[in-house]
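So the structure is just underneath, and the comments pick up after that.
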Amino acid sequence: MRGEIMKKGKRPVYAVVAAAGVLLVIFAVFAFVYANNIDDRNLTYSAPETLYPVISAVEVSRVDINTAPLKELANIDGVGRSRAQDIIRYREEHGGFTELEELKNLPSFDDAAYEKVKDNLCIGRADTVTETLPESDRVNLNTANIRQLMTVPAITQKIAESIIEYRETYGDFISVRELLEIDGIGEITYRKIEGYVTVG
């Protein structure tokens, strides 16, 4: 009777030991599978690149100096309101920037100022699409006054005055292409103007 009681008392202990043994076996199998399928030297998960296209933060944050309004330009570190006004004035007079280094043409941008802001700016496409008028409707560069010249897209008062000064100094324009000799007219501005003017 006493022996039976002792045997009955040990059964729960045997059950616990057996269960622990089973768990150890399961754990060992799991560890083996895990070790052979995962490189434990690099447990960092990398999502497939095709699922998450990478967009450069630099490209997103840069401001296009050909289109940005005054307030947006002025808020850029190193630009401020005064330089922002210079940028807008320059792009209006020249029909837009073709490269960032043109900023160095502005009196307010020395090399140090340019280096500070260049990584925050970019060049977008300048608006160069223009209408081409019939020859009879174009403004004559050799006879037009300042007001008439200013009816041409991209010709500001300053450019109009420079055109008149040029023809007074050198005589009549021989070709529209001569406009590129005028201070303030670059290729972009020229392409905006050429369809509206004539020399004959």
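Only heavy atoms go into these numbers, but all of them, side chains included; no hydrogens, no water, no symmetry mates. Throughout, numbering of the chain's residues begins at 1 and tracks the sequence.
The distance from atom CD of Glu115 to atom CZ of Phe109, rounded to the nearest 0.5 Å, is 12.0 Å. Taking OH from Tyr166 and CD1 from Ile185, the interatomic distance works out to 10.5 Å, rounded to the nearest 0.5 Å. One finds the CD1 atom of Ile123 at 7.0 Å from the CD atom of Glu102 (value rounded to the nearest 0.5 Å).
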N/O donor to acceptor pairs below 3.5 angstrom from side-chain atoms of residues 149-160, sequence neighbours left out:
unit_1 : atom_1 : unit_2 : atom_2 : d
Thr151 : OG1    : Gln148 : O      : 2.5
Thr156 : OG1    : Ile159 : N      : 3.3
Gln157 : NE2    : Glu161 : OE2    : 3.1

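Nearest heavy atom pair, residue Asp137 against residue Leu133, reads O-CD1, 3.9 Å. Here the closest heavy-atom approach between residue Arg83 and residue Gly78 is recorded as NH1-O, 2.7 Å. Considering all non-hydrogen atoms of both residues, Ser162 and Asp183 come closest at OG-O, 4.3 Å. Of all heavy-atom pairs between Leu73 and Arg91, the closest is CD1-NH1, 4.0 Å.
Between Glu194 and Arg191, no side-chain nitrogen of the basic residue sits less than 4.0 Å from a carboxylate oxygen of the acidic one, so the salt-bridge criterion is not met.
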Exercise for the section: Run the numbers on Tyr196 and Val139 for side-chain contact (heavy atoms from CB on, under 4.5 Å), then give the verdict. Expected result: CA-CA 6 Å; Tyr196 292 87; Val139 174; 5.9 Å; no
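Asp86 and Ser108 share a donor-acceptor pair across their side chains, judged by distance under 3.5 Å alone. Glu181 and Tyr170 share no side-chain donor-acceptor pair at under 3.5 Å.
Of the options Leu70, Ile76, Leu106, Asn66, a side chain to side chain contact (heavy atoms under 4.5 Å, CB included) to Ile87 is made by Leu106 and by none of the others.
Residues Val197 and Ile174 fall into different hydrophobic clusters, defined by Ile, Leu, Val, Met, Phe, Trp and Tyr side chains chained together at heavy-atom separations under 4.5 Å.
Formation of a donor-acceptor pair under 3.5 Å by the Asp110 side chain with backbone atoms of Lys104 is not found in this model. For Asn75 (side chain) and Lys71 (main-chain N/O), a donor-acceptor pair under 3.5 Å exists by modelled atom type.
With a 6.0 Å cutoff to the six-membered ring centre and a 45° limit on the axis angle, Arg167 does not count as a cation-pi contact of Phe173.
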